[in-house]
Student: 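The structure is given below, and queries will be raised subsequently.
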Amino acid sequence: MKLSLLRNGLRGSSGRTVAFVLSVVLVLLLGTGQLLGMVLLRGSEHAAAAVVPLAALMALGWAVMPVFFPGGDETLDPTRLVMLPLRARRLMPGLLAASLVGIGPLFTVLVVAGAVVALAHGVAGTAAAVLALPLAVLVCLALARAVAAVNVRLLTSRRGRDLALLSGLVIAVGIQLLNLGFQRLNEAGGLAALEPVAGVLAWVPPASAVAAVQSASDGAHGSASAQVALSAAALAVLLWWWHRSLERLMTSPDASTVQAATAPEKTRGRAGGTGLAGLLPPGRTGAVMLRSLRYVWRDPKTKVGWASSLGVGVLLPVVFAAQGNGSAYNACWVAGLLGVQMYNQFGQDYSGFWLVASTISSAREAYVEMRGRMLAIALIAVPYVAAVAVVCSAFLGEWRKIPEVLGLALGLLGVLLATGVFTSYRFPYSIPQDSGYKNVAPGQGSLAYLSIFGGMVIGVLLCSPLVALTVWLHLSGGHAWLWTVLPAGLLYGIAAPALVLRFAAPRVASRLPEILTAVSRG
């Protein structure tokens, strides 16, 4: 079945076939490179310190893969097989064998093979390697299957698809953390610094199976047996856990077959509460703010954009500090990333913008609409930027820089919100709804680049007087007056959006047909 799904998915699409072949070639090159690199470690006294943590990292990747990439393997969803006249015990061998087909298993086999070859010495080590290789791979596959079975209800829901879209942020953060780890490793003297970590992971399956090869090669047959037994026990537990989850999925009803008896009560409870709407301003301003905030929470692409800006905005100051380039001014990154959320506001409504456009017939209504969208972003961005600026300055011990950093960050945020209003009506573009990963409709890429990067450049230039004031106070020795940057930044951050809103409102009202045409192309 897995081979048929793979073949049918590639049939009739030359682009998909080329992408698959290129992926296989790249994985083969990367996996072979990893294998050869670990083979070169053979005989090194720190070989185990490198390959044992790598085996644990591989298992972690298999554990999170079903959560972040649920659509990567159709057979990960066992609910598609519940109508077959098969018990869970008979399905498991077939599903486990299907897990061996694909690019991921190929890369895993190459990496684990390199790990055991790097550690195997003598007859005992070779025998342990022959046993450790399939055992470690099976533990990774069973772990992925068990996690997928437990979370299959989530992974096939809307929230599961949202979680998959957030995988890009997690990967970006993980890459930065690995980069910092490698830098610290080089500073600490190489692989010897990993010895304590490898010593702990040597007793964590499936890394314990790989570590058993080193133990057997060193003549510690008791430790090798215990480590192999630990991985075998983990495999048995994972298979039992997977079997229980399969039995429950195949025999218990879900929300699609049984209506919850408490649904009316829940509906009445939700309808009776005011929630966030009761805290927002009355009238159209509050309604627009509520709609924008619901986009942030419910729309997958909007949610990913916000999560990326919030996460990366905090991550960048941490990365710079870890690399020795820490500065309180790095907090301005989060202001820039959150200010960009104001760009292409009408495109974020997708094809539903025509409903919004039908309610705008005057400059005043356009003004209130844009003001509500801006206030929704500011409601999240202003306290977040302030918190990051204060925490970043305090962490670096630069308490005196808090007023100027906060003033610069809030000024930059306000200017980007203002330029976002201008680019939203002057350079609108469509965001495709049929793809979870495309943010620009075909043929509108240059328009999107002009909107985003052009607006950001103009925003930075408009913020230059505030930067000049800060630099002048530093160079002229007026450190006692640096606190004035904070009120100047606040004034800047309030005045720029207010002026642009007054200027843009009549133009938004007059350009509605053009905007509607531009955002509806996708």
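Position 1 is the first residue of the sequence; numbering continues from there.
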Student: Pair up each side-chain donor or acceptor in residues 381-398 with any protein partner under 3.5 Å, not counting sequence neighbours, and list the distances.
Tutor:
unit_1 : atom_1 : unit_2 : atom_2 : d
Tyr384 : OH     : Leu310 : O      : 2.8
Ser393 : OG     : Ala389 : O      : 2.9
Glu398 : OE1    : Ala328 : N      : 3.2

Student: Measure the CE-CZ distance between Met58 and Phe107 for me, rounded to the nearest 0.5 Å.
Tutor: 4.5 Å
Student: Would you check, one step at a time, whether the test side chain to side chain contact (heavy atoms under 4.5 Å, CB included) holds for Val139 with Leu238?
Tutor: CA-CA 8 Å; Val139 169; Leu238 288 172; 4.0 Å; yes
Student: Give a yes or no answer on whether the side chain of Glu514 reaches the backbone of Arg426 with a donor-acceptor pair at less than 3.5 Å.
Tutor: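 A pair under 3.5 Å: no.
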Student: Can you name the closest pair of heavy atoms from Gly459 and Val415 and give their distance?
Tutor: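 Looks like O-CG1, 3.1 Å.
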Student: Cationic tip of Arg507 within the cone over Phe503's six-membered ring, i.e. under 6.0 Å and within 45° of the normal?
Tutor: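 Ring-cation test returns yes.
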Student: With heavy-atom distances below 4.5 Å as the criterion, would you say the side chains of Ile377 and Gln345 are in contact?
Tutor: yes
Student: What I'd like to find out is whether the side chain of Phe346 reaches to under 4.5 Å of the side chain of Leu516, using heavy atoms alone.
Tutor: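 They are not in side-chain contact.
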Student: Would a 4.5 Å heavy-atom cut-off, applied to side chains only, mark Thr419 and Met456 as touching?
Tutor: no
Student: Measure the shortest side-chain to side-chain distance between Ile380 and Gln341 over non-hydrogen atoms and say whether it is less than 4.5 angstrom.
Tutor: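 No, their side chains stay 4.5 Å or more apart.
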Student: Determine which pairs satisfy ring-ring contact (aromatic ring centres under 6.0 Å, His included) with at least one residue from residues 404-425, sequence neighbours left out, and list them in order.
Tutor: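 Found Phe422-Tyr425.
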Student: Any heavy-atom pair between the side chains of Trp297 and Arg294 that's under 4.5 Å?
Tutor: no
Student: Any chance you could lay out the side chain to side chain contact (heavy atoms under 4.5 Å, CB included) test for Thr423 and Tyr429, step after step, and finish with the verdict?
Tutor: CA-CA 10 Å; Thr423 59; Tyr429 57 90; over 6 Å; no
Student: To the nearest 0.5 Å, what is the distance between OG on Ser292 and CE on Met342?
Tutor: 8.5 Å
Student: Has Ser358 got a side-chain atom pairing as donor or acceptor with Leu355's backbone, closer than 3.5 angstrom?
Tutor: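 Side chain of Ser358 to backbone of Leu355, a donor-acceptor pair under 3.5 Å: yes, one is there.
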Student: Once rounded to the nearest 0.5 Å, what's the spacing between atom OG1 of Thr517 and atom CZ of Phe353?
Tutor: 10.5 Å
Student: Check whether more than 12 heavy atoms from other residues, nucleotides or ligands sit under 6.0 Å from atom CH2 of Trp203, and answer yes or no.
Tutor: yes
Student: For the residue pair Gln348 and Tyr295, what are the closest heavy atoms and their distance?
Tutor: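 The pair with the smallest heavy-atom distance is O-CE1, 4.3 Å.
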Student: Identify the heavy atoms of Ala55 and Ala207 that sit nearest to each other, and give their distance.
Tutor: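 Taking every non-hydrogen atom into account, CB-CA, 4.1 Å.
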Student: Where is the tightest heavy-atom contact between Leu408 and Cys332, given as atom of each residue plus distance?
Tutor: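 Scanning both residues, the minimum pair turns out to be CB-SG, 4.1 Å.
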Student: How far does CD1 of Ile452 sit from CG of Asn344, to the nearest 0.5 angstrom?
Tutor: 7.5 Å
Student: Give, for atom CG of Leu338 and atom CG of Leu413, the distance between the pair rounded to the nearest 0.5 Å.
Tutor: 7.0 Å
Student: With rounding to the nearest 0.5 angstrom, report the NZ to NE2 distance, Lys401 to His474.
Tutor: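 Reported value, rounded in 0.5 Å steps: 6.0 Å.
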Student: For Val296, is there any backbone N or O sitting under 3.5 Å from a side-chain donor or acceptor partner on Lys303?
Tutor: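 No, Lys303 side chain to Val296 backbone: no donor-acceptor pair under 3.5 Å.
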Student: Using the side chain to side chain contact (heavy atoms under 4.5 Å, CB included) rule, pick out the option among Leu110, Val111, Val112 that qualifies with Thr108.
Tutor: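 Single pass found, and it is Val112.
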Student: Please name the pair of heavy atoms, one in Ala331 and one in Val334, separated by the smallest distance, quoted to 0.1 Å.
Tutor: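 That closest heavy-atom pairing would be O-CG1, 3.0 Å.
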Student: Below 4.5 Å, heavy atoms only, C-beta onward: do Leu473 and Glu404 meet side chain to side chain?
Tutor: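 The answer is no, as the side chains (C-beta and beyond) never meet within the 4.5 Å cut-off.
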Student: Donor-acceptor pairs are to be reported for all side-chain atoms of residues 481-493 against protein atoms at under 3.5 Å, with residues two or more places apart or in another chain.
Tutor:
unit_1 : atom_1 : unit_2 : atom_2 : d
Trp483 : NE1    : Ala480 : O      : 3.3
Thr484 : OG1    : Trp481 : O      : 2.5
Tyr492 : OH     : Leu462 : O      : 2.5

Student: Whether the Arg373 and Ser424 side chains hold a donor-acceptor pair (N or O, under 3.5 Å, no angle test) is what I'd like checked.
Tutor: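 Looking only at side-chain atoms, Ser424 and Arg373 do not form any donor-acceptor pair under 3.5 Å.
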Student: I need the minimum non-hydrogen distance between Ile431 and Gly347, along with the two atoms involved.
Tutor: CD1-O, 3.8 Å
Student: Can you establish whether the number of heavy atoms outside Trp333 located under 6.0 Å from its atom CH2 is more than 12?
Tutor: no
